[in-house]
Protein chains: 2
Amino acid sequence: MKLSTKGRYAVTAMMDLAIHDTDGPVTLSDISNCQGISLSYLEQLFAKLRQAGLVDGVRGPGGGYRLGKPPQLISVADIIMAVDESIDSTRCKGNLDCNKGERCLTHHLWNDLSDQLYDFLNEITLSEFIKNPEVRKISQRQDTTASRIANMFPPRSIAS
Amino acid sequence: MKLSTKGRYAVTAMMDLAIHDTDGPVTLSDISNCQGISLSYLEQLFAKLRQAGLVDGVRGPGGGYRLGKPPQLISVADIIMAVDESIDSTRCKGNLDCNKGERCLTHHLWNDLSDQLYDFLNEITLSEFIKNPEVRKISQRQDTTASRIANMFPPRSIAS
DNA sequence: TAATTCCTTACTAATTTACTAGGGATTATA
DNA sequence: TATAATCCCTAGTAAATTAGTAAGGAATTA
């Protein structure tokens, strides 16, 4: 389990998708503008998210990305694992003769802690962020990605 | 909240100190050997841990580091915060006009999540690792840093 | 005094993060 | 069909962080 800005980018981007999932695909350029990350870097992150089955790409005008699964099946841990390659906690691989060949006690403890952290983040799914009524309120108050997409099309084409 | 190998080094090192706290100071060279980290890098990490008041240095032969507070007052979050400078989650600082000047919704959500993560790691203290009976067993089964330190002194000086 | 340890600084190597550039593939719309 | 918008892919590079090397000083024990 590792947690860096890379992981944060992925999580916030996925939050964006989750919140606007019912309003059609979200474009990377929207996320890029909103979060101040370069478009191409986002594309690289989303390549990993796509490989993990967490998002689906929709090409062409009006396209973008949408969630690859129902939001209640996508945990924060899933997202972080997809983009933040985990750290190897086994540095003393028997060779170092650390503590008479036994694996370092602290490594054992670290793994326990790391597992707990994983379980914690695995219980938090994207659906939490949608359900929260306060979140909804904030979401509606803002000029969201969804509404900006909507504005791209003339009223008639939406009504039809 | 950020979590990298750097933070793991610090946490496992502090676990080591906590487990052997009653047996006198733990030297960095012991930790260096056990965990396969360079001595000088450990020294840099411990400089930060010392600044945060999490450890006390004891100079001279037989010296080393010991906990700066009782283990039940040192949380995993404390340790990580001391060495892993936290990430700034506010990239769109109003300038980007993200969502009509409002702070990005996802940043708000991220901060909530980050706070939850902090609270989680802040409730896990070093005393957990000492109390755990299985941990004690493993600790005693191994040639621990403590016993290696003990072996440095002749039996009589321990008895006295 | 000599050895052992912490303590500090400066520099460098390795790795990861983030970005730039260029192009291709797909698709909605005109 | 043409065009534009989007995803998609690769290669390279800049910036930041992580990790290590080197050198020495300060405190303390024996």
Side-chain angles (χ1 to χ4, degrees), chain A residues 2-10 13 17 24-33 35-51 54-66 68 80 83-88 91 145 148-149 151-154 156-158 160, chain B residues 2-10 13 17 24-33 35-51 54-66 68 80 83-88 91 145 148-149 152-154 156-157 160:
Chain A
K2 182 182 169 184
L3 186 56
S4 63
T5 49
K6 202 171 169 181
R8 179 168 65 80
Y9 291 159
L17 261 59
V26 176
T27 66
L28 289 191
S29 59
D30 273 336
I31 297 175
S32 173
N33 288 332
Q35 302 205 12
I37 315 166
S38 88
L39 181 59
S40 209
Y41 189 47
L42 270 177
E43 285 177 337
Q44 286 167 42
L45 294 184
F46 270 77
K48 291 186 178 181
L49 293 174
R50 204 168 57 89
Q51 281 166 27
L54 299 180
V55 296
D56 284 331
V58 180
R59 296 195 191 189
Y65 283 97
R66 54 164 56 117
I80 292 174
V83 298
D84 257 338
E85 43 273 0
S86 62
I87 52 186
D88 57 336
R91 256 216 166 184
T145 307
R148 264 183 277 124
I149 287 177
N151 288 338
M152 284 168 51
F153 303 97
R156 205 167 26 180
S157 74
I158 285 181
S160 65
Chain B
K2 182 183 170 184
L3 186 56
S4 63
T5 50
K6 202 170 168 183
R8 179 167 65 81
Y9 290 159
L17 260 60
V26 176
T27 67
L28 290 191
S29 58
D30 272 338
I31 297 175
S32 173
N33 288 333
Q35 301 204 12
I37 315 166
S38 86
L39 180 59
S40 209
Y41 191 46
L42 270 176
E43 284 175 339
Q44 289 168 41
L45 294 183
F46 270 77
K48 292 187 177 180
L49 293 173
R50 204 168 58 89
Q51 282 167 25
L54 299 180
V55 297
D56 284 330
V58 181
R59 296 192 192 191
Y65 282 97
R66 55 164 55 117
I80 292 173
V83 299
D84 257 337
E85 44 273 1
S86 63
I87 54 187
D88 57 336
R91 257 215 164 183
T145 308
R148 265 182 277 124
I149 287 177
M152 285 168 52
F153 303 97
R156 204 167 31 183
S157 71
S160 67

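A note on names: the letters A, B, ... follow the listed sequences, proteins ahead of strands, and every chain is numbered from 1. These numbers come from the heavy atoms of this one structure, side chains and all, not from hydrogens, waters or symmetry mates.
- As a whole-Å value, the separation of A:D84 CG from C:dA18 P is 9 Å.
- In this structure, of D:dA11, D:dC9, D:dT21, it is D:dA11 that holds the atom nearest to the side chain of A:Q44.
- Per the geometry, CZ belonging to A:R66 stands 13 Å off P belonging to C:dT27, to the nearest Å.
- Side chain of B:N33 to backbone of B:S29: a donor-acceptor contact under 3.5 angstrom is found.
- Atom C1' of nucleotide D:dT10 and atom OH of A:Y41 are separated by 17 Å, given to the nearest angstrom.
- Considering only side-chain N and O atoms, B:K48 lies nowhere under 4.0 angstrom from the phosphate OP1 or OP2 of C:dC7.
- Picking from C:dA28, D:dC8, C:dT8 the nucleotide with the shortest atom distance to the side chain of A:P61 gives C:dA28.
- Take the nearest nucleotide of DNA chain C for A:L39 and for A:S4: the residue whose nucleotide is more 5' is A:S4.
- Rounded to a whole Å, the CG atom of A:N33 is 16 Å from the C1' atom of C:dC19.
- Nearest-nucleotide assignment on DNA chain D puts the 5′-proximal partner with A:F46, out of A:F46 and B:R59.
- Rounding to the nearest 0.5 Å gives a distance of 11.5 Å between CD of A:Q44 and CG of A:L28.
- Separating the CG atom of B:L42 from the C1' atom of D:dA19 is a distance of 11 Å, rounded to the nearest angstrom.
- One distance of note links CG of A:L42 with CD1 of A:I31; it measures 6.0 Å at 0.5 Å rounding.
- The aromatic rings of A:Y65 and A:F46 are tilted relative to each other, their planes meeting at an angle between 30° and 60°.
- Of the candidates D:dT18, C:dT17, C:dA18, the closest approach to any side-chain atom of A:Y9 belongs to C:dA18.
- Nearest to the side-chain atoms of B:S40 among the listed nucleotides D:dG20, D:dA22, C:dT17 stands D:dA22.
- If you check every strand for non-hydrogen atoms under 4.0 Å, A:S29 touches nothing.
- Comparing D:dC7, C:dT17, D:dA19 against the side chain of A:L28 picks out D:dC7 as the nearest.
- Residue contacts shown for A:Q51 are absent, as no nucleic acid heavy atom lies under 4.0 Å away.
- At a cut-off of 3.5 angstrom, the base of D:dC9 holds at least one donor-acceptor pair with the side chain of A:E43.
- Residue contacts for A:Y65: at a heavy-atom cut-off of 4.0 Å it reaches the sugar-phosphate backbone alone, with no base atom in range.
- Per the geometry, NZ belonging to B:K6 stands 13 Å off C1' belonging to C:dT16, to the nearest Å.
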Between A:E85 and A:K6, does a side-chain contact (heavy atoms from CB on, under 4.5 Å) hold up when you go through it step by step? CA-CA 10 Å; A:E85 43 273 0; A:K6 202 171 169 181; 3.6 Å; yes

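- One interatomic measurement links the two molecules: CG of A:L45 to P of D:dC9, which rounds to 14 Å at whole-angstrom precision.
- For the pair A:L17 CG and D:dT6 P, the interatomic distance rounds to 14 Å; values are reported in whole Å.
- When each of A:L45, A:V55, A:D56 is checked for a side chain to side chain contact (heavy atoms under 4.5 Å, CB included) with A:R50, only A:V55 meets the rule.
- In this model, the phosphate group of C:dA18 is not approached by any side-chain N or O of A:R8 to a distance below 4.0 Å at OP1 or OP2.
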